[in-house]
Amino acid sequence: VTARRRTGRATRDGLHGPHKAETGGLSGQPLFERSTRVLAQLAAQCDIPLIGVGGVAEVFRGKLTGDKGFEKLIVIKKLLAEHVADQEMVEIFIGEAKLAALLQHENIAATYDFGDIDGEYFLAMEYLFGKNLHSFMARAKQHQDHFRLEHALAVASRICEGMDYAHHLRDLQNKPLNIVHRDLTPHNIFITYDGKVKILDFGVAKAELFDNKTREGVVKGKISYMSPERLSGEQIDARSDIFSIGILVDDAIVVVENI
């Protein structure tokens, strides 16, 4: 659900609830959407800070501004220019946006908007202050930080809560989406500085919402966290994600044991 704001005010319902979008401004265009599109245009021109670049998209940091001092940091995730002409990559990116519109859970990174600027597709997402689990565990090993078993299990429980929600999610017609993340790795688990755990990147997720069949012979995701069924090309369901979570938990426990 795209977040909207009217007369420069971001409402709690608009940012966090499944309410109807409010419109206003010139030609009835939602003001929030217009703001994110401006930021996406700046990202296309490399006029806002670049956070990082992956194999599919590049990520920028932007700030929404509104009336009476309203400000909100967001992330602009933009499909790499080299993939714009690749129809499969474009469909995967659009599929991620459609799925993100339905995912509303405290342990899943929120998405606010989606669109394209002159054929360059973007997502506007919540900005998180913290580090991914991979960086967190690497630091714990390097500096012998106080990372205990209860910390590892707390992170695991939040991941399970978020994925249990996603696995049982239904669409607006109450049909099961049968979501499988397919890329649950330490890089896609984010821990904020205030202790929240967020699951990132449903870009390679499998869902009934869209057809994202992988090209024959192509494996999406990190092999070391895949279930045997995924590696052998069999049909998979939520149990494949549970297998990946098990490897994640084992990784975290190994860090604990070696501190």
Side-chain angles (χ1 to χ4, degrees), residues 1-3 15 18 21 32-33 36-37 39-40 43-44 50-62 74-117 119-128 132 159 162-163 165-172 175-185 187-190 198-215 218-222 225-226 230 236-238 240-241 244:
V1 177
T2 304
L15 291 178
F32 190 99
E33 180 180 78
T36 55
R37 288 175 183 272
L39 288 171
L50 176 68
I51 298 175
V53 180
V56 175
E58 51 191 347
V59 180
F60 298 84
R61 183 176 69 247
I74 65 169
V75 165
I76 297 292
K77 180 177 180 180
K78 187 171 73 68
L79 186 66
L80 289 172
E82 63 200 66
H83 295 314
V84 171
D86 186 331
Q87 190 58 37
E88 182 183 19
M89 296 304 298
V90 170
E91 289 177 359
I92 289 172
F93 198 76
I94 293 172
E96 179 183 0
K98 290 180 178 179
L99 185 56
L102 297 174
L103 292 167
Q104 299 181 55
H105 190 274
E106 63 179 347
N107 297 122
I108 297 175
T111 297
Y112 302 139
D113 199 5
F114 167 75
D116 75 278
I117 300 293
E120 295 193 4
Y121 292 91
F122 73 90
L123 284 166
M125 310 170 73
E126 71 173 314
Y127 186 89
L128 300 170
N132 63 39
I159 298 170
M163 288 312 305
Y165 160 83
H167 290 153
H168 292 91
L169 188 64
R170 292 174 174 266
D171 66 13
L172 299 178
K175 296 178 181 178
L177 287 171
N178 298 320
I179 294 170
V180 185
H181 187 287
R182 300 201 297 184
D183 197 19
L184 287 170
T185 71
H187 290 87
N188 285 331
I189 304 299
F190 201 90
K198 300 278 188 174
I199 301 166
L200 309 179
D201 199 356
F202 280 75
V204 300
K206 172 183 176 291
E208 298 295 336
L209 185 66
F210 48 86
D211 180 11
N212 58 350
K213 294 180 180 178
T214 305
R215 292 174 183 167
V218 176
V219 178
K220 297 176 180 177
K222 295 178 177 62
Y225 290 88
M226 290 183 184
R230 275 214 64 201
I236 59 171
D237 55 29
S240 182
D241 282 344
S244 299

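Values in this document were obtained by computation on a predicted structure and should not be read as measured data.
Side-chain atoms of K222 and H187, non-hydrogen and from C-beta on, do get closer than 4.5 Å to each other. With contacts defined as side-chain heavy-atom distances shorter than 4.5 Å, the pair D241/Y225 does not qualify. In this structure, Y121 and V90 have side chains that are in contact, with non-hydrogen atoms separated by less than 4.5 Å. Side-chain contact check for I74 versus Y112: some heavy-atom pair is nearer than 4.5 Å. Side chains of I179 and K206 form no contact here, defined as non-hydrogen atoms less than 4.5 Å apart. When side chains are defined from C-beta on, E58 counts as touching L80, because their heavy atoms get closer than 4.5 Å. Contact check for L177 versus L102: side-chain heavy atoms found under the 4.5 Å cut-off. Between L169 and L103 there is a side-chain heavy-atom pair separated by less than 4.5 Å.
To the nearest 0.5 angstrom, I199 atom CD1 is 11.0 Å from E106 atom CD. Between the CD1 atom of I76 and the CG atom of D113 there is a distance of 8.0 Å, given to the nearest 0.5 Å. In this structure, K78 NZ and L50 CG are separated by 9.5 Å, a value rounded to the nearest 0.5 Å. For the atom pair CG of D201 and CD1 of I108, the computed distance is 12.5 Å after rounding to the nearest 0.5 Å. In this structure, CD on E91 lies 7.0 Å from CD1 on I94, to the nearest 0.5 angstrom. Taken to the nearest 0.5 Å, the CE atom of M226 stands 11.5 Å off from the CG atom of L184.
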Would you sort out whether L200 and L128 count as a side chain to side chain contact (heavy atoms under 4.5 Å, CB included), showing the intermediate values? CA-CA 11 Å; L200 309 179; L128 300 170; 3.9 Å; yes

I would like to know whether I189 and N132 meet side chain to side chain contact (heavy atoms under 4.5 Å, CB included); could you show each step before the answer? CA-CA 6 Å; I189 304 299; N132 63 39; over 6 Å; no

Test log, rule side chain to side chain contact (heavy atoms under 4.5 Å, CB included), inputs I51 and Y127: CA-CA 11 Å; I51 298 175; Y127 186 89; 3.8 Å; yes

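Under a 3.5 Å cut-off, the side chain of R182 and the backbone N or O of V204 do form a donor-acceptor pair. Between the H167 side chain and the M163 main chain, a donor and an acceptor come within less than 3.5 Å of each other. In this structure a side-chain-to-backbone donor-acceptor pair under 3.5 Å is missing from D116 to E120. With H168 contributing its side chain and P176 its backbone, the two residues share no donor-acceptor pair below 3.5 Å.
Of the charged side-chain nitrogens involved, at least one lies within less than 4.0 Å of a carboxylate oxygen, so that K198 and E126 count as a salt-bridged pair. Using a cut-off of 4.0 Å between Lys/Arg side-chain N and Asp/Glu carboxylate O, E96 and K77 are scored as salt-bridged.
Taking the six-membered ring for Trp and thresholds of 30 and 60 degrees, F93 and F114 have ring planes inclined between 30 and 60 degrees apart.
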